[in-house]
Structure formats: structure tokens, C-alpha cells
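Numbering of residues begins at 1 and proceeds along the displayed sequence.
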Amino acid sequence: MSANNAFHIAVLAGDGIGPEVMAPAIEVLRKIETKSGLSFRFTEAPAGANHYLAAGKSMPDTTIKLCEEADAILLGACGLPSVRYPDNTEIAPQIELRFIFDLYAGVRPARLIPGVPSPIVGADQRGIDLVVIRESTEGLFASMGKGVVTHEEARETMLITRKTSERLFEFSFRLAERRKARGKPGALACVDKANVFKAFAFFRGIFDEIAKRHPEVKTDRLYVDACSAMLVKRPWDFDVMVMENMFGDIVSDITASLIGGLGMAPSADIGDKYAVFQPCHGTAPDIMGQGKANPTGMILSAAMMLDWLADKHGVEGAAEAGETIERAVDKVYADGLKPMEFSGRNGTADITKAVLAAL
């Protein structure tokens, strides 16, 4: 076994259904390990609301050190509605990790899997396969924990910098180019509110500068309100979209709803050196421990991790392994798998067993 094919993965299962969806993802990666020539070493670490209750911190320093030393980070889901910081905000190590490791590119794919229902008429024939890239360290979220609240008013500040925007747009254009090489349209839209706010006009101006370096990528510029309206009418017209943090937070939930909901949606937060992979859904404490959680988003996030490891380390076998996982997920849904959120009977164990069998 080549050392280049061996990866150390930090595992932060988190709260609620986080551990319940993490376990299937690890099983899938173990199965892939036996078939692909890859090797994984998983190290679990605490993070989330339960750790905050026990220790007064969202995650210990040992967790941060583990994440720093690992090749990649898998995260289940963190936070509980009933557990809050003194300022009444939720415990969110997943957001804190973005700032700690400068994970500026939030990648939120939305691909309609065969057999999965979409609320959009015609989507089953036309297909949906797009990516939202959400800037993850600035925008309105740069004000997290820094807002000023008085008896009369509250203020938060949006921040957009040239350095982060340039890196974000270069990342976005490279992703569009990679998708084009794989047979996708390879188009990129900048989504903003440049007609109202100077900060977004600045954001769009930097996009235009970076676009000149990538003439082979078709570009567009859209206001976020118009983009949202278009998404729920003709989502198949979109390929890659890049936007500010808060807009990305909202739009990525819209796009997840188009492909069956948050349980089907994977995601990644990526920087120049580090990356975290997690499903888009939350901790869902209302179904915790009932075997109802859908692990598909977590499993597909693990597939995204493999693709990122392949690109970062030049291990083509890792990219092929990620594609193998995606094909297995496609097969089980096309064959009639129906999670409980689709009014079906298939819970966590059924979905896991089906994907493992398809592998």
C-alpha cells in the first residue's frame, strides 16, 4: 500500500442524528477501502452542543489540533436548539471551523438522483445538476459574535475583502472548468445585490476581473432575488453559482429542496489547505434515536471528500472511489429506495444496507 493512498480522517459526529448518519458513511468508506486500494484511519473527536454542556466549550483544543493534523475532516451535525451561548446563539463548531481554518469556499452541490421526487415540474426529465459556492468566512457572517445590540437597535456588519473574493472566484472558475471537462456546461454565475449595495458592486467588480483570466468559462451576473425566482422555475438552466455568505446560506437550502430536501444534500467547506465535509441538514433532535435519519447526504459528503483528496494529492483512485459511491447511491434510489421523509418506509439501516450492497 502506497503511503500516498493512505489518509487520516478526523471524525466529528456531533449532536442529534449526527452520529447516526456518520456511522453509515464510515461503513461505506470501509467498504470502498476493500475495493479501491485506498486506506483510511479514522480518529473520532468531540464537538457540539453536548460537549458545550459538559465542558463549557463547543470543542476542545485537542479536536482543533486533530483537525489540523488530519488529511480531511468529516462532520455529522452539530448544535441543539435548546443549548445556547449566553447571547442566545446556537452552538456551531461547524461555523467556527470555517474561521479557524480559513475555509472560504462553501461547496453545496444539488443533483437530482434518479427516483427521487422533486417539486419542480419537469425536473425528472430535464434533470438538476448544479453547484452553489457560498463564501464561508466573510459577508454577513463575519459579524458573528460581534454585533452591537442596545435597547433601541441592533447592528451587524457585512465584510467583503479583495483577498478572499479573489480566492473564492478562482476556486469557482476552476470548479466550472473541472465540470466542463466532465461533460457539464462549465458556466459560472455571480449572484449578488450589486444594484443596491456598494459592497456587492465591489464583489461583482472583482468577479469581472477574475473572469478575464478564464475566457473559456461562460459567465453570467444575477441579482439574488431574480436568481431565486429562476431556480424554482428552471433549475436545469444553472451550472455553478458563486455568492456571499448569507445569500449562499439561503440559496443552498432552496437548491437542496429541489432535489428531495436537506437529507439528500452533501456539502463541503474548503480552504487552501483544509476541508470539512458534512451533510447540509441539521441535528434533527425530533427524530434522534428512532432510526429515521437519512444518511444519504452524509454518504455523498464522504464521496465529495474523496474527490477533494484526489485533486489535492493527485490520487486518481480516490476520485474513482467517490464516483463509485455516487453510482451506488443512484442505483439504490432508481431501484425504489424511499426514505421516510418521502413518505417511505426506509430508515437509516435500510439505506445503509442498500448502498453497501450496491457497492
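Applying the side chain to side chain contact (heavy atoms under 4.5 Å, CB included) test to A142 and every residue at least two apart in sequence or in another chain returns L159. Partners of K292 according to the salt bridge (charged side-chain N to carboxylate O under 4.0 Å, His left out) rule, which considers only residues two or more places apart in sequence or in another chain, do not exist here. Residues meeting the salt bridge (charged side-chain N to carboxylate O under 4.0 Å, His left out) test with E216, sequence neighbours left out: none. For P119, there are no side chain to side chain contact (heavy atoms under 4.5 Å, CB included) partners, not counting sequence neighbours. Partners of D239 according to the salt bridge (charged side-chain N to carboxylate O under 4.0 Å, His left out) rule, which considers only residues two or more places apart in sequence or in another chain, are R179. Residues satisfying the salt bridge (charged side-chain N to carboxylate O under 4.0 Å, His left out) test with D253, not counting sequence neighbours, are none.
For the ring-ring contact (aromatic ring centres under 6.0 Å, His included) condition, the pairs that include at least one residue of residues 223-261, sequence neighbours left out, are F200-F247. Within the structure, ring-ring contact (aromatic ring centres under 6.0 Å, His included) pairs that include any residue of residues 255-277 comprise F101-Y274, F277-W308 (at least two apart or interchain). Evaluation of the side chain to side chain donor-acceptor pair (under 3.5 Å) test over residues 321-330, restricted to residues two or more places apart or in two chains, returns R111-D330, T324-R327. Listed by first and then second residue, the ring-ring contact (aromatic ring centres under 6.0 Å, His included) pairs involving residues 13-52 are F40-F42, Y52-Y85 (not counting sequence neighbours).
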List, one per line, each side-chain donor-acceptor pair under 3.5 Å for residues 204-213, sequence neighbours excluded.
| unit_1 | atom_1 | unit_2 | atom_2 | d |
| --- | --- | --- | --- | --- |
| R204 | NE | D192 | OD2 | 2.9 |
| R204 | NH2 | D192 | OD1 | 2.9 |
| D208 | OD1 | R221 | NE | 2.8 |
| D208 | OD1 | R221 | NH2 | 2.9 |
| E209 | OE1 | R162 | NH1 | 2.9 |
| R213 | NH1 | E170 | OE2 | 2.7 |

Side-chain donor-acceptor distances from residues 7-17 under 3.5 Å, at least two apart:
| unit_1 | atom_1 | unit_2 | atom_2 | d |
| --- | --- | --- | --- | --- |
| H8 | ND1 | R41 | NH2 | 3.4 |
| H8 | NE2 | T43 | OG1 | 2.7 |
| D15 | OD1 | A49 | N | 3.3 |
| D15 | OD1 | N50 | N | 3.1 |
| D15 | OD1 | N50 | ND2 | 3.1 |
| D15 | OD2 | A49 | N | 2.6 |
| D15 | OD2 | G79 | N | 2.7 |

